[in-house]
Peer 1: 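One structure, pasted below without further comment.
Chain naming here is simple, since letters A, B, ... match the order of the sequence lines and numbering starts at 1 in each.
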Number of protein chains: 2
Amino acid sequence: MVPRRKLMKGSTDSLLLHLISRQPMYGYQIIKELERKSRGYFKFKEGTLYPALHRLERAGLILGKWQTLAGGRQRRYYYITNKGNQILVAKMDQWRDFLAAMNLIIEPLST
Amino acid sequence: MVPRRKLMKGSTDSLLLHLISRQPMYGYQIIKELERKSRGYFKFKEGTLYPALHRLERAGLILGKWQTLAGGRQRRYYYITNKGNQILVAKMDQWRDFLAAMNLIIEPLST
DNA sequence: ATTTAATACCTAGCATTACTAGGTATAATA
DNA sequence: TATTATACCTAGTAATGCTAGGTATTAAAT
């Protein structure tokens, strides 16, 4: 497994919730936005993103709505739910705790 | 899956290599040290630690040596290898890159 | 006009790994 | 004597990022 793949485990949901909480977005757009905002670091694969969105929707954290463009093309826009916002806050707290613990190990001030 | 479990994916190897690179350690000691140094955050399960150590040894990043204590008790002390030290440096670089990318998403200075 | 690339969605199955739950054994403590 | 701590191990499960395949429309390049 490539390093990036492993490190991403556990942070994917937070990234997706964070983006969608700022404004409703559709899958393809999320992939592009994550790559742009991270300056090329995050390159989500479709086989990662779409199942993740479906999981989040099943869990009631986001809500998907089909939108038809001029010409008949379809996009599925995802909206954050109240529950999603609550979970996002909790996940950010967990992320900070995890970071703090990691720093205690890899950047020890004392032994 | 509990949050901690997911966040740990990808960082376990770095934590273990980091500890062992400072001084040779045995499994049980590593579990206790990680908990102590992280002020209770990391509570590695044996089913996580021992397979991880075996993986790292198979990969040539650490080397295990049995040591017999007075009384006949056995401990398996792990030593970092040259390859392990190189991989550790690389993993720390990857960790920093990952952190930077995460911060670009969750703490955006610009859109 | 035709081919290629970009957009836009989807899924089955694989690989990896943290953990549960079980095992064995010795030493120290209650 | 019973319990806890020390010290190691593994088989199987759950979770998830990805590969590799699919469908379809639109835009750009040849």
Peer 1: A/Arg76 has an atom CZ; how far is it from atom C1' of D/dT25, in whole Å?
Peer 2: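 Atom-to-atom, A/Arg76 to D/dT25, this comes out as 19 Å.
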Peer 1: Just to be sure I understand the rule, does A/Gln29 reach a base, reach only the sugar-phosphate, or reach nothing, if contact means heavy atoms closer than 4.0 Å?
Peer 2: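 No contact.
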Peer 1: Please report the distance, rounded to the nearest Å, between CZ in A/Phe44 and C1' in C/dA8.
Peer 2: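 One finds 18 Å between C1' of C/dA8 and CZ of A/Phe44, rounded.
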Peer 1: Using a cut-off of less than 4.0 Å, is there contact between a side-chain N or O of A/Tyr50 and OP1 or OP2 of C/dC10?
Peer 2: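 Answer no for this pair, as no side-chain N or O of A/Tyr50 is under 4.0 Å from OP1 or OP2.
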Peer 1: From CG of B/Asp13 over to P of C/dT17, roughly how many Å is that when rounded to an integer?
Peer 2: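 Interatomic distance, CG of B/Asp13 to P of C/dT17: 7 Å.
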Peer 1: Measure CZ/A/Arg58 against P/D/dA15 and give the value in whole Å, please.
Peer 2: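 After rounding, the gap between these two atoms is 11 Å.
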Peer 1: For the side chain of B/Lys45, counting heavy atoms from C-beta on, which of C/dC19, C/dA6, C/dC10 is nearest?
Peer 2: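 Output: C/dC19.
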Peer 1: Hey, which of these two, A/Arg55 or B/His54, hits DNA chain D nearer its 5' end, going by closest nucleotide?
Peer 2: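 It is B/His54 whose nearest nucleotide is closer to the 5' end.
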Peer 1: Just compare C/dA18, D/dG17, C/dT7 and give me whichever is closest to any side-chain atom of B/Thr48.
Peer 2: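 Of the candidates, C/dA18 comes closest.
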Peer 1: Report the nucleotide, chosen from D/dT10, C/dC10, D/dA7, that has the shortest atom-to-atom distance to any side-chain atom of A/Trp66.
Peer 2: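 Shortest atom-to-atom distance from the side chain points to C/dC10.
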Peer 1: Calculate, to the nearest 0.5 Å, the distance between atoms CD1 and CE belonging to B/Ile80 and B/Met25 respectively.
Peer 2: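 Reported value, rounded in 0.5 Å steps: 12.5 Å.
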Peer 1: Please pick, from C/dA8, D/dC8, C/dA18, the nucleotide with the shortest atom-to-atom distance to any side-chain atom of B/Arg75.
Peer 2: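 Among C/dA8, D/dC8, C/dA18, the one nearest the side chain of B/Arg75 is D/dC8.
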Peer 1: So, is B/Tyr26 close to the D/dC8 phosphate, meaning a side-chain N or O under 4.0 Å from OP1 or OP2?
Peer 2: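 No.
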Peer 1: Record whether the side chain of B/Glu46 comes under 3.5 Å of the base of C/dC19 through a donor-acceptor pair of N or O atoms.
Peer 2: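 When only heavy-atom distances are counted, B/Glu46 does not reach the base of C/dC19 through any donor-acceptor pair under 3.5 Å.
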Peer 1: Within the pair A/Thr12 and D/dG17, is there a side-chain N or O less than 4.0 Å away from OP1 or OP2?
Peer 2: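 Answer is yes, contact under 4.0 Å.
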Peer 1: From OH of A/Tyr78 over to P of C/dA8, roughly how many Å is that when rounded to an integer?
Peer 2: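 Interatomic distance, OH of A/Tyr78 to P of C/dA8: 14 Å.
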Peer 1: Could you tell me how far apart B/Ile31 (CD1) and D/dA5 (P) are, to the nearest whole angstrom?
Peer 2: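 My rounded result for the distance is 14 Å.
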Peer 1: Is there a side-chain polar atom (N or O) of A/Lys32 under 4.0 Å from OP1 or OP2 of C/dT7?
Peer 2: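 So the side chain of A/Lys32 is within the cut-off, an N or O lying under 4.0 Å from OP1 or OP2 of C/dT7.
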Peer 1: Can you figure out which of D/dT26, D/dG17, D/dA7 approaches the side chain of A/Arg73 most closely?
Peer 2: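 That would be D/dT26.
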Peer 1: In this structure, how many angstroms lie between the C1' atom of D/dT10 and the CG atom of B/Leu53, rounded?
Peer 2: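 It works out to 14 Å between those atoms.
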Peer 1: By nearest nucleotide on DNA chain C, pick out whichever of B/Ala52 and A/Gly47 is the more 5' one.
Peer 2: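 Nearest nucleotide further toward 5': that of A/Gly47.
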Peer 1: Hey, are B/Lys32 and B/Glu35 close enough for a salt bridge, meaning a charged N less than 4.0 Å from a carboxylate O?
Peer 2: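 Salt bridge absent between B/Lys32 and B/Glu35.
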Peer 1: Check whether A/Thr81 reaches the backbone of A/Gly60 with its side chain - one donor and one acceptor, N or O, closer than 3.5 Å.
Peer 2: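 Yes.
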Peer 1: Could you tell me whether A/Arg76 and A/Glu57 make a salt bridge, using a distance below 4.0 angstrom between a side-chain N and a carboxylate O?
Peer 2: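 Salt bridge flag = yes for A/Glu57 with A/Arg76.
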Peer 1: Quick one: sort the B/Phe98 and A/Trp95 rings into parallel, tilted or perpendicular, breaks at 30° and 60°.
Peer 2: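 B/Phe98 vs A/Trp95 ring planes: perpendicular.
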Peer 1: A/Lys43 has an atom NZ; how far is it from atom P of D/dG17, in whole Å?
Peer 2: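 Atom-to-atom, A/Lys43 to D/dG17, this comes out as 18 Å.
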Peer 1: Would you say A/Tyr28 reaches C/dT7's phosphate, i.e. side-chain N/O to OP1/OP2 under 4.0 Å?
Peer 2: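 Checking A/Tyr28 against C/dT7: at least one side-chain N or O falls below 4.0 Å of OP1 or OP2.
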Peer 1: Under 4.0 Å between any heavy atoms, over every strand shown, what does A/Gly27 touch: base, sugar-phosphate, or nothing? Just pick one.
Peer 2: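 If one applies the 4.0 Å heavy-atom cut-off, A/Gly27 turns out to touch the sugar-phosphate alone, with no base involved.
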Peer 1: Want to settle it: does A/Leu69 or A/Pro51 sit nearer the 5' end of DNA chain C, counting the closest nucleotide to each?
Peer 2: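 Mapping each residue to its closest nucleotide by heavy atoms, the 5'-most match is A/Leu69.
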Peer 1: Quick check with a 6.0 Å cut-off and a 45 degree axis cone: is A/Lys65 positioned over the face of A/Tyr79's six-membered ring?
Peer 2: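 Positive - A/Lys65 is close enough to the ring of A/Tyr79 and near enough to its axis.
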